[in-house]
Amino acid sequence: MAAIKITAIVGSLRQDSYNRQLALHTKQLIGDQAEFALLDYSDVPLLNQDKEYPAPEAVKRVRATIQSSDGIWFFTPEYNHFFPGVLKNLIDWLSRPISDSEPQVLGGKAAAISGITPGMSGTGIAQDHLVTLISLLNMRVMNQPRLTIPNAAQQTDAEDRLVLTTSAPFLERQVQAFLRFIKNMK
């Protein structure tokens, strides 16, 4: 069987965001069990149908990455009980057909969701909104387990680096479940 390829999409563009740090912890846990890479989409413009065809180069690049992936792992913060606008914009681009003869790239892809936030909700509300959207786009969502980490400050060290004191076993469980989920889809 070919190696599993997972693309991580972090809902925050901030370089040291908690969710980016969570994605990097996930990459360490996955190790050589799968190829795991964070998607850089900071150059993807706002969706504008006047500029949809041909798609901007940044959009072509992220679409190609998603097309070649077996699974997509979303790491989302929660902004005002929702996932961030930059993530919605990316999903909007990915949800559009590539051309008259090529469909959108998210359909049928395995999806996992995790999130960490300084607040008490643990990103659960944002994740529920995200599940609604990506289910509509025909992604195959692994609904259990999902990881929601509240009170991020309790999971960081003095330099605000994520250490995942109490959440590490839950992340490990999610890693193993997603790898099985993807293998079962192949």
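Atoms considered below: every heavy atom in the structure, side chains included; atoms not considered: hydrogens, waters and symmetry mates.
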Next on the checklist: To check you understand the geometry: which heavy-atom pair defines the closest contact between P84 and G11, and what is its length?
Outcome noted: CG-O, 3.1 Å
Checklist entry - For residues 55-68, which residue pairs qualify under salt bridge (Lys or Arg N to Asp or Glu O under 4.0 Å), counting only residues two or more places apart or in two chains? => result D43-R61, E57-K60
Checklist entry - Does P150 offer a backbone N or O that forms a donor-acceptor pair with the side chain of Q154 under 3.5 Å? => result no
Checklist entry - Is atom CD of Q104 surrounded by more than 12 heavy atoms (other residues, nucleotides or ligands) closer than 6.0 Å? => result yes
Next on the checklist: Side chains of I149 and S167, heavy atoms from C-beta outward: is any pair under 4.5 Å?
Outcome noted: yes
Checklist entry - Could you give the distance from CZ (R20) to CZ (R14), rounded to the nearest 0.5 Å? => result 11.0 Å
Next on the checklist: Just verifying a value: how many Å separate L38 CG and T7 OG1, rounded to the nearest 0.5 Å?
Outcome noted: 9.0 Å
Checklist entry - Is any side-chain heavy atom of V163 closer than 4.5 Å to a side-chain heavy atom of T156? => result no
Checklist entry - Is any side-chain heavy atom of S12 closer than 4.5 Å to a side-chain heavy atom of Y18? => result no
Checklist entry - Which pairs count as ring pair (Phe, Tyr, Trp, His ring centres under 6.0 Å) when at least one residue sits in residues 146-180, sequence neighbours excluded? => result W73-F178
Item to check | Heavy-atom side-chain proximity of L106 to I91 below 4.5 angstrom | outcome: yes
Checklist entry - Can you tell if the side chain of T76 reaches within under 4.5 Å of the side chain of V10, non-hydrogen atoms only? => result no
Checklist entry - Can you name the closest pair of heavy atoms from A34 and L179 and give their distance? => result CB-CD2, 3.8 Å
Checklist entry - Do N89 side-chain atoms and G85 backbone N/O form a donor-acceptor pair below 3.5 Å? => result no
Checklist entry - Applying the 4.5 Å side-chain criterion to the ILVMFWY set and letting contacts propagate, would F75 and L133 be lumped into a single cluster? => result no
Checklist entry - So, the side chain of H81 versus the backbone of A126: is there a donor-acceptor pair under 3.5 Å, distance only? => result no
Next on the checklist: Within the 4.5 Å heavy-atom criterion, are F74 and L87 side-chain neighbours or not?
Outcome noted: yes
Item to check | Any residue meeting side chain to side chain contact (heavy atoms under 4.5 Å, CB included) with T166, in chain and number order, not counting sequence neighbours | outcome: Q155
Checklist outcome for this item: Nearest heavy-atom contact between M139 and A110 is CE-O, 4.2 Å
Checklist outcome for this item: salt bridge (Lys or Arg N to Asp or Glu O under 4.0 Å) pairs touching residues 148-174, sequence neighbours excluded, are D16-R161
Checklist entry - Do I4 and V141 share a hydrophobic cluster (ILVMFWY, side-chain heavy atoms under 4.5 Å, transitive)? => result no
Next on the checklist: Using the side-chain hydrogen bond (donor to acceptor under 3.5 Å, both in side chains) criterion, which residues pair with Q127? Sequence neighbours excluded.
Outcome noted: T123
Checklist outcome for this item: Smallest heavy-atom separation, L13 atom then S42 atom, equals CD2-CA, 4.2 Å
Checklist entry - Roughly how far, to the nearest 0.5 Å, is CD1 of I125 from CZ of F83? => result 13.5 Å
Item to check | Summary of salt bridge (Lys or Arg N to Asp or Glu O under 4.0 Å) pairs that have at least one residue in residues 89-115, sequence neighbours excluded | outcome: E52-R96, K88-D92
Next on the checklist: Just so I know, are the side chains of P103 and P97 near enough to count as touching, which here means a heavy-atom distance under 4.5 Å?
Outcome noted: no
Checklist outcome for this item: d(K5 NZ, I72 CD1) to nearest 0.5 Å is 9.0 Å
Next on the checklist: Would you say I113 ends up clustered with F36 if hydrophobic residues are merged whenever their side chains have heavy atoms under 4.5 Å apart, either directly or through other cluster members?
Outcome noted: no
Next on the checklist: Quick check: closest heavy atoms across P56 and W93, and the distance to 0.1 Å?
Outcome noted: CD-CH2, 3.6 Å
Next on the checklist: Side-chain heavy atoms nearer than 4.5 Å, only ILVMFWY residues, links allowed to pass through others: does that put Y79 and I134 together?
Outcome noted: no
Checklist entry - Roughly how far, to the nearest 0.5 Å, is the NZ atom of K27 from the CG atom of L22? => result 14.5 Å
Item to check | Sequence-distant partners of N48, side chain to side chain contact (heavy atoms under 4.5 Å, CB included), two or more places apart | outcome: D50, K51
Checklist outcome for this item: In V44, I98, L47, the residue satisfying side chain to side chain contact (heavy atoms under 4.5 Å, CB included) with V59 is V44
Checklist entry - Which pairs with one or both residues in residues 137-149 pass side chain to side chain donor-acceptor pair (under 3.5 Å), sequence neighbours excluded? => result D128-R146
Checklist entry - Measuring from L171:CG to I116:CD1, what's the distance to the nearest 0.5 Å? => result 10.0 Å
Next on the checklist: Using every non-hydrogen atom in the two residues, find where V62 and D40 come nearest and quote the distance to one decimal.
Outcome noted: CG1-O, 4.0 Å
Next on the checklist: Run the side chain to side chain contact (heavy atoms under 4.5 Å, CB included) test against A64 and tell me which residues pass, sequence neighbours left out.
Outcome noted: none
Next on the checklist: Is there a path of hydrophobic side-chain contacts, each under 4.5 Å between heavy atoms of I/L/V/M/F/W/Y residues, joining I30 to F181?
Outcome noted: yes
Next on the checklist: Tell me every residue that passes ring-ring contact (aromatic ring centres under 6.0 Å, His included) with Y53, counting only those two or more places apart in sequence or in another chain.
Outcome noted: none
Checklist entry - Can you find a pair of side-chain heavy atoms, one from I6 and one from E35, that are under 4.5 Å apart? => result no
Next on the checklist: Keeping S68 on the side-chain end and T65 on the backbone end, is there a donor-acceptor pair under 3.5 Å?
Outcome noted: yes
Next on the checklist: One pair to check against side chain to side chain donor-acceptor pair (under 3.5 Å): S17 and N19. What are the steps and the verdict?
Outcome noted: CA-CA 5 Å; S17 76; N19 283 281; 5.4 Å; no
Checklist entry - According to the ring pair (Phe, Tyr, Trp, His ring centres under 6.0 Å) rule, which pairs have a member within residues 119-161, sequence neighbours left out? => result F82-H129
Next on the checklist: List the residues meeting side chain to side chain contact (heavy atoms under 4.5 Å, CB included) with S95, not counting sequence neighbours, and say none if there are none.
Outcome noted: L137
